[in-house]
Amino acid sequence: VQLQASGGGLVQAGGSLRLSCTASGRTSDTDALGWFRQAPGKEREFVGCYWRRNSRPYYSDSVKGQGRFTISRDNAKNTMYLQMNSLKPEDTAVYYCARGTGVIFSAMTEASAYSYWGQGTQVTVSS
């Protein structure tokens with residue numbers, strides 16, 4: 001299984017980006033497709049995930065209340081998206097998509113629950 005993340009770039013504060021994560025290979029046993037981000041000098045942080053069993057997105061507490069990020073999935077294209085609006089400088093990070101199998105619901109926010117990772121795409125938000 002390979003994951004290809006794309007769509008990052010440089011954007012001004014208040015702008016928008018849409019990240020894509022395309023999976024290839026065997027994906028039928030996927031439980032969760034996650035988005036994580038890692039800023040310089042910080043630990044990798046859960047942003048959200050698409051939970052395949054109920055086809056619903058879930059978000060970290062840090063992004064959920066603000067409603068700025070939206071996860072969606074196009075099954076026909078085997079692609080997951082992260083729409084990011086009203087971007088802030090603190091959103092600057094490398095964004096990774098990841099795929100997990102055998103993930104239990106309560107562990108979806110943990111990077112260790114995901115076995116397959118994309119290469120990451122840089123998002124830089126200027127003030």
Side-chain angles (χ1 to χ4, degrees):
V1 174
Q2 289 187 329
L3 298 172
Q4 181 74 34
S6 61
L10 173 64
V11 64
Q12 289 187 335
S16 298
L17 283 173
R18 188 177 78 158
L19 306 185
S20 301
C21 175
T22 300
S24 59
R26 179 185 176 188
T27 59
S28 59
D29 56 349
T30 299
D31 290 314
L33 289 169
W35 285 106
F36 290 78
R37 66 185 180 184
Q38 188 165 19
K42 294 187 176 181
E43 292 187 355
R44 194 165 295 190
E45 174 191 20
F46 174 75
V47 175
C49 78
Y50 179 86
W51 189 250
R52 196 162 180 254
R53 294 176 191 173
N54 61 9
S55 301
R56 289 183 57 187
Y58 293 87
Y59 302 94
S60 68
D61 290 340
S62 63
V63 303
K64 181 170 59 179
Q66 301 176 28
R68 297 186 297 119
F69 291 9
T70 303
I71 292 172
S72 61
R73 175 163 168 82
D74 185 331
N75 290 324
K77 296 182 179 180
N78 229 7
T79 299
M80 175 178 64
Y81 302 99
L82 177 64
Q83 178 68 43
M84 304 186 294
N85 299 325
S86 302
L87 283 162
K88 303 176 181 181
E90 51 263 44
D91 295 318
T92 294
V94 178
Y95 283 70
Y96 298 89
C97 63
R99 172 179 170 265
T101 62
V103 181
I104 60 174
F105 188 81
S106 59
M108 70 166 68
T109 64
E110 299 174 16
S112 60
Y114 296 79
S115 302
Y116 302 93
W117 291 81
Q119 83 287 2
T121 185
Q122 176 71 47
V123 171
T124 303
V125 184
S126 63
S127 57

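This chain uses plain numbering: 1 for the first residue, then up along the sequence. No hydrogens, no waters, no symmetry mates; every other heavy atom, side chains included, goes into these values.
The aromatic rings of Tyr114 and Phe36 sit perpendicular to each other, their planes meeting at more than 60°, with 30° as the lower class boundary.
Under a 3.5 Å cut-off, the side chain of Arg68 and the backbone N or O of Ser86 do form a donor-acceptor pair. Of the possible donor and acceptor atoms, one in the side chain of Thr92 sits under 3.5 Å from a partner among the backbone N and O of Val125. Without hydrogens or angle criteria, Gln119 side chain to Gln4 main chain gives no donor-acceptor distance under 3.5 Å. Within the 3.5 Å criterion, the main-chain N or O of Ala23 finds a donor-acceptor partner in the side chain of Asn78.
Going from atom OG1 of Thr79 over to atom CG of Leu19 covers 12.5 Å, rounded to the nearest 0.5 Å. Expressed to the nearest 0.5 Å, how far OG1 of Thr121 lies from CH2 of Trp35 amounts to 8.0 Å. One distance of note links OH of Tyr96 with CG of Leu3; it measures 13.0 Å at 0.5 Å rounding.
The nearest pair of heavy atoms linking Asn85 to Ser16 is OD1-OG, 3.0 Å. Scanning all heavy atoms of the two residues, the minimum distance from Met84 to Tyr95 falls at SD-CE2, 3.7 Å. Heavy-atom minimum distance, Ser62 versus Arg37: OG-NH2, 4.5 Å. Of all the heavy atoms in Asp29 and Arg52, the pair that sits closest is N-NH1, 4.5 Å. In plain terms, the two heavy atoms of Val103 and Asp31 that are nearest each other are N-OD2, 3.0 Å. Considering all non-hydrogen atoms of both residues, Ala107 and Ala113 come closest at O-CB, 3.5 Å.
For the ring-ring contact (aromatic ring centres under 6.0 Å, His included) criterion with Trp51, the lone passing option out of Phe105, Tyr59, Tyr58 is Phe105.
For Arg18 and Tyr81, the positive end sits near the middle of the six-membered ring, less than 6.0 Å away and at most 45° from its axis.
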How far apart are the C-alpha atoms of Met80 and Ile71, what are their side-chain angles, what is the distance that settles it, and do they pass the side-chain contact (heavy atoms from CB on, under 4.5 Å) test?
CA-CA 7 Å; Met80 175 178 64; Ile71 292 172; 4.0 Å; yes

Checking Lys88 against Asp91 for the salt bridge (Lys or Arg N to Asp or Glu O under 4.0 Å) test, could you report, in this order, the C-alpha distance in whole Å, the side-chain angles of both residues, the deciding distance, and whether it holds?
CA-CA 5 Å; Lys88 303 176 181 181; Asp91 295 318; over 6 Å; no

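Under the 4.5 Å side-chain heavy-atom criterion for grouping Ile, Leu, Val, Met, Phe, Trp and Tyr, Tyr116 is not connected to Leu33 through any hydrophobic cluster. Placement of Val94 and Leu87 in two distinct hydrophobic clusters is found when ILVMFWY residues are connected by side-chain heavy-atom separations under 4.5 Å, directly or transitively. With hydrophobic clusters built from ILVMFWY side chains whose heavy atoms lie under 4.5 angstrom apart, Val63 does not share a cluster with Met108.
Other residues, nucleotides and ligands contribute only 12 or fewer heavy atoms inside 6.0 Å of the CD atom of Gln2.
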